[in-house]
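Here the structure is a predicted model, which means the values were calculated and not measured. Chain A is the first sequence line, chain B the second, and so forth, proteins listed ahead of strands; every chain is numbered from 1.
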Amino acid sequence: MNILVCITHVPDTTSKIRFTEGNTQLDKTGVQFIIGPYDDYALARAVELKEQTGGTITVLNVGEAETEPTLRKALAIGADEAIRVNAFPKDAHFVAQQIAARAKEKSYDLILMGRESIDFNGGMVHGMVGEILGLPSISPVMKLELEGTKAKLAREIEGGKEFIEVGLPFIAGCQEPIAEWKIPNMRGIMSARSKPLQVVDPVEADTRTETKTYELPAPKAEVKIVGSVDELVQLLKNEAKVL
Amino acid sequence: MSILVYIEQDQGKIKSSSLEAVSYAAALSEKSGDKVNVLGCGTIEDADWNQLGKAGADAIYHVADERLNSGVIQAHAHIIAQVFAKVDASILVLAKSALGDAVASRLAIKLNAGLVSNVVGLPDMNAGFVVKRSIFTGKAFVETAIPAENKILAIKKNTQPIKTDGEEVSVESLTVDLPESVFAARITEVEKASGEVLLPEADIVVSGGRGLNGPENWGMIEGLAEVLQAARGCSKPVSDLGWRPHHEHVGQTGVKVAPSLYIAIAISGAIQHLAGVNGSRNIVVINKDPEAPFFKAADYGIVGDAFDIVPKLTEAIKALK
Ligand SMILES: Cc1cc2nc3c(=O)[nH]c(=O)nc-3n(C[C@H](O)[C@H](O)[C@H](O)COP(=O)(O)OP(=O)(O)OC[C@H]3O[C@@H](n4cnc5c(N)ncnc54)[C@H](O)[C@@H]3O)c2cc1C
């Protein structure tokens with residue numbers, strides 16, 4: 001079983017988001033970068049599947065040199081090898097083409113990633129990769145079990161779930177509770193240093209969107225602390241007009 | 001050139017997020033003059049169709065195939081691509097949702113389109129085509145240009161008021177040829193509570209946190225949700241502990257909601273929870289700890305014991321109605 005896990009390198013969920021260069025760049029000062037939480041679930045499930053069936057886990061990121069510590073962390077968690085496509089991830093379409101190109105080079109039985117990145121929240125790369133490769137893409141996947149050359153999945157829908165059967169290979173956008181996040185142990189961290197991290201050039205690919213200027217939401221007005229339920233109901237009715 | 005809007009149904013009813021998408025397209029067409037075509041798939045109740053004309057549709061197409069009642073991603077994408085070509089569209093508008101994302105992303109490749117998700121406003125078409133989208137889980141926005149000829153816009157909930165003054169339009173039935181290959185991922189079973197208000201669609205959400213101590217205390221959350229006709233939500237530990245199903249989990253790693261009113265009960269307001277609720281118009285926080293961080297993100301707050309306040313609130317709202 002060869003599994004490709006695609007990960008993003010994103011600001012920690014507690015980061016204060018600010019912009020610089022006339023609101024055209026993320027201000028990275030003091031920002032800690034992590035494996036995207038959804039991608040982290042995908043990776044954790046890949047590690048569990050490998051324990052059951054053997055094989056290798058390749059972890060892939062499209063990004064510049066700064067993302068290597070994030071890839072090393074994925075190796076420490078249990079991936080066997082890492083690939084960094086050396087390019088700024090310009091848009092979802094560009095990234096999807098890079099992933100598809102790597103996927104064509106080696107035959108993977110399964111391509112996993114998070115349901116969305118937590119920076120741009122597009123939730124688009126898995127479907128694009130699926131369409132480029134002509135494979136099924138399923139997201140958001142909350143359960144994934146292998147049965148020979150088939151998989152049984154649960155996909156979260158609004159108000160419930162759908163159970164799906166699909167033949168390998170396919171692409172899944174993952175979310176909890178597909179697996180529990182894994183924290184790298186000392187042995188993992190040590191061995192990650194000697195695992196291969198290959199840097200490759202991007203393939204020729206176009207972008208379809210251009211990000212221009214960033215902006216922060218307007219600051220929130222001060223909270224009104226009320227003393228009684230009746231006062232609250234009056235405010236909701238007459239001021240907020242939601243009742 | 002024209003606009004195609006793809007609408008979703010839930011248990012035979014057109015989703016309100018889809019009516020928003022139609023209203024968005026109608027507002028866009030006022031600027032661009034493009035015709036608004038709407039496509040619905042699967043079983044949709046007869047009485048529901050007239051909402052589409054009111055929301056601004058100029059033409060409505062229906063592919064009635066029952067297999068499309070569920071989330072067969074590739075089949076939906078296949079049909080939309082065909083209808084997109086048929087109506088000579090250059091813009092596809094749909095609501096941001098689990099199915100919307102899964103389908104739109106495949107279509108971006110099929111249609112050679114520039115895709116922007118989480119769109120929060122109408123495009124600026126003075127210089128090219130620029131839309132604002134929500135990023136960093138609601139913590140920021142970015143203006144994004146789509147130079148590509150074909151465009152796909154996935155609209156975030158609560159972006160466009162639903163229009164109700166449009167004219168009635170008749171529905172044209174379409175048959176679209178569906179190859180077996182688009183059903184390669186086979187849905188074997190669907191598990192879904194019926195009659196529930198869907199969390200991402202809801203106008204009011206009542207949400208409970210770990211401070212409620214256990215699933216046996218959810219009766220009062222349900223009671224309050226019922227009088228408000230609200231959807232129920234919860235914090236991550238609550239779904240991790242199995243007190244509530246995962247699809248009720250709100251936040252960074254769960255559902256992102258954008259209701260008119262979000263009532264947070266015994267939830268501390270961790271930054272990851274707030275990331276899922278920052279699209280709400282009004283937030284009410286009920287917490288016994290005056291220092292709970294949620295109060296800083298709230299519009300209204302009551303400091304006190306949820307077990308005392310929630311039943312009183314339910315009664316007060318009942319009395320009002
Ligand atoms: C990467 C990452 C992603 C995460 N994603 C999410 C997410 O998507 N959603 C999410 O919710 N969390 C998420 N979390 C977890 C988050 O950090 C918090 O741990 C979680 O939100 C806390 O849940 P809580 O507020 O219900 O519980 P607690 O923090 O335990 O808070 C309980 C609150 O209840 C109050 N309380 C107790 N008893 C009463 C009473 N009788 N009456 C009134 N108030 C009472 C307390 O004062 C307290 O404020 C994430 C964490 C990480 C690291």
Side-chain angles (χ1 to χ4, degrees), chain A residues 13-14 17 37-38 92-93 118-128 130-132 136-140 142 155-167 170 175-177 208-217 220-221 223-226 229-230 232-233 235-237 240 242-243, chain B residues 70-71 73-74 98 101-102 105-106 108-110 113-118 130 135-137 139-148 184-193 196 198-201 246-247 252-253 260-261 271-272 282 295 297-303 309 312-313 316-317 320:
Chain A
T13 52
T14 59
I17 301 298
Y38 292 113
H93 187 252
I118 64 159
D119 49 5
F120 288 100
N121 309 108
M124 296 297 163
V125 172
H126 36 76
M128 290 180 179
E131 188 66 34
I132 297 171
S137 55
I138 301 146
S139 177
M142 57 193 304
R155 171 175 173 267
E156 185 162 282
I157 56 171
E158 285 137 21
K161 41 187 122 143
E162 280 174 358
F163 296 91
I164 297 171
E165 264 184 39
V166 60
F170 63 91
Q175 69 164 40
E176 64 180 20
R208 302 258 174 89
T209 56
E210 274 166 42
T211 47
K212 302 272 187 199
T213 42
Y214 294 94
E215 132 190 8
L216 294 172
K220 189 125 189 142
V223 57
K224 280 190 186 159
I225 299 288
V226 299
V229 162
D230 289 335
L232 176 66
V233 170
L235 284 168
L236 291 179
K237 181 164 186 271
V242 287
L243 294 183
Chain B
S70 53
I73 294 164
Q74 283 175 275
D101 282 355
S105 51
R106 295 197 73 105
I109 302 299
K110 276 188 200 294
L115 163 58
V116 175
S117 180
N118 266 319
V130 181
I135 54 170
F136 289 103
T137 327
K139 287 194 238 171
F141 301 98
V142 67
E143 299 277 359
T144 304
I146 316 180
R186 199 165 60 84
I187 296 173
T188 53
E189 197 192 330
V190 179
E191 184 185 294
K192 193 168 181 0
E196 247 183 49
L198 296 181
L199 181 56
E201 293 283 303
H246 187 269
H247 64 258
Q252 178 88 63
T253 48
S260 304
L261 176 61
I271 192 162
Q272 296 94 353
N282 293 280
F295 284 119
D299 299 283
Y300 305 101
I302 298 193
V303 180
I309 293 166
K312 280 189 191 153
L313 182 58
I317 291 166
L320 195 73

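Contact annotation for A:L232: only side-chain heavy atoms (C-beta onward) come within less than 4.5 Å of a heavy atom of chain B. In this structure, the portions of A:A240 lying under 4.5 Å from any heavy atom of chain B include both its backbone and its side chain. The parts of B:P147 that come within reach of chain A are both its backbone and its side chain, each placing non-hydrogen atoms under 4.5 angstrom from that chain. Within the 4.5 angstrom heavy-atom criterion, atoms from both the backbone and the side chain of B:D101 approach chain A. The parts of A:P136 that come within reach of chain B are both its backbone and its side chain, each placing non-hydrogen atoms under 4.5 angstrom from that chain. For A:Y38, the part sitting under 4.5 Å from any heavy atom of chain B is the side chain, from C-beta outward, and nothing else. At a 4.5 Å heavy-atom cutoff, the contact between A:I17 and chain B is made by side-chain atoms alone.
Taking 4.5 Å as the limit, every side-chain heavy atom of B:H247 sits out of range of all side-chain heavy atoms of A:K161. At least one side-chain heavy atom of A:I157 sits less than 4.5 Å from a side-chain heavy atom of B:V190. Counting only heavy atoms from C-beta outward, the side chains of A:S137 and B:R106 approach each other to under 4.5 Å. Contact annotation: the side chain of A:I118 approaches that of B:Q252 to within less than 4.5 Å [non-hydrogen atoms, C-beta and beyond]. Inter-residue side-chain proximity for B:Y300 and A:L236 is flagged as met; some heavy-atom pair is nearer than 4.5 Å. At least one side-chain heavy atom of B:I135 sits less than 4.5 Å from a side-chain heavy atom of A:Y214. Counting heavy atoms from C-beta outward, A:M128 and B:L115 have side chains that approach closer than 4.5 Å. Annotation: side chain of A:T14 is in contact with side chain of B:Q272 (closest heavy-atom distance under 4.5 Å).
The greatest number of non-hydrogen atom pairs below 4.5 Å with chain B, out of A:A221, A:P177, A:P140, is found for A:P177. Looking only at heavy-atom pairs under 4.5 Å with chain A, the residue among B:K192, B:E143, B:E196 that has the most is B:E143. No other option in A:V125, A:I132, A:I164 has as many heavy-atom pairs under 4.5 Å with chain B as A:I164. Note: A:G159 leads A:G159, A:P217, A:G160 in heavy-atom pairs under 4.5 Å with chain B.
In this structure, the side chain of A:E162 engages the main chain of B:G71 through a donor-acceptor pair within 3.5 Å. Between the side chain of B:T188 and the backbone N or O of A:F163, at least one donor-acceptor pair lies under 3.5 Å. For A:R208 (side chain) and B:I109 (main-chain N/O), no donor-acceptor pair under 3.5 Å exists by modelled atom type.
By the 4.0 Å N-to-carboxylate-O rule, A:K220 lies close enough to B:D299 to be salt-bridged with it.
Every residue meeting the side-chain contact (heavy atoms from CB on, under 4.5 Å) condition with B:A102, not counting sequence neighbours, appears here in chain and number order: B:I73. Residues passing the side-chain contact (heavy atoms from CB on, under 4.5 Å) test with A:V233, sequence neighbours excluded: A:V229, A:L243, B:L313, B:A316, B:I317, B:L320.
Rounding to the nearest 0.5 angstrom, the gap separating the NE2 atom in A:H93 from the OG atom in B:S105 is 11.5 Å. Atom CD1 of A:I138 sits about 8.0 Å away from atom CD of B:Q74, to the nearest 0.5 Å.
Remark: the B:H246 side chain and the A:E176 side chain contain an N/O donor-acceptor pair separated by less than 3.5 Å.
Between A:K212 and B:V142, the shortest heavy-atom distance links the atoms N-CG2, 4.2 Å. Annotation for A:L216 and B:A140: closest pair CD2-CB, 4.2 Å, computed over non-hydrogen atoms. Heavy-atom minimum distance, B:T253 versus A:P37: CG2-CB, 4.1 Å.
The one candidate from A:N121, A:T13, A:D119 that meets the side-chain hydrogen bond (donor to acceptor under 3.5 Å, both in side chains) condition with B:T137 is A:N121.
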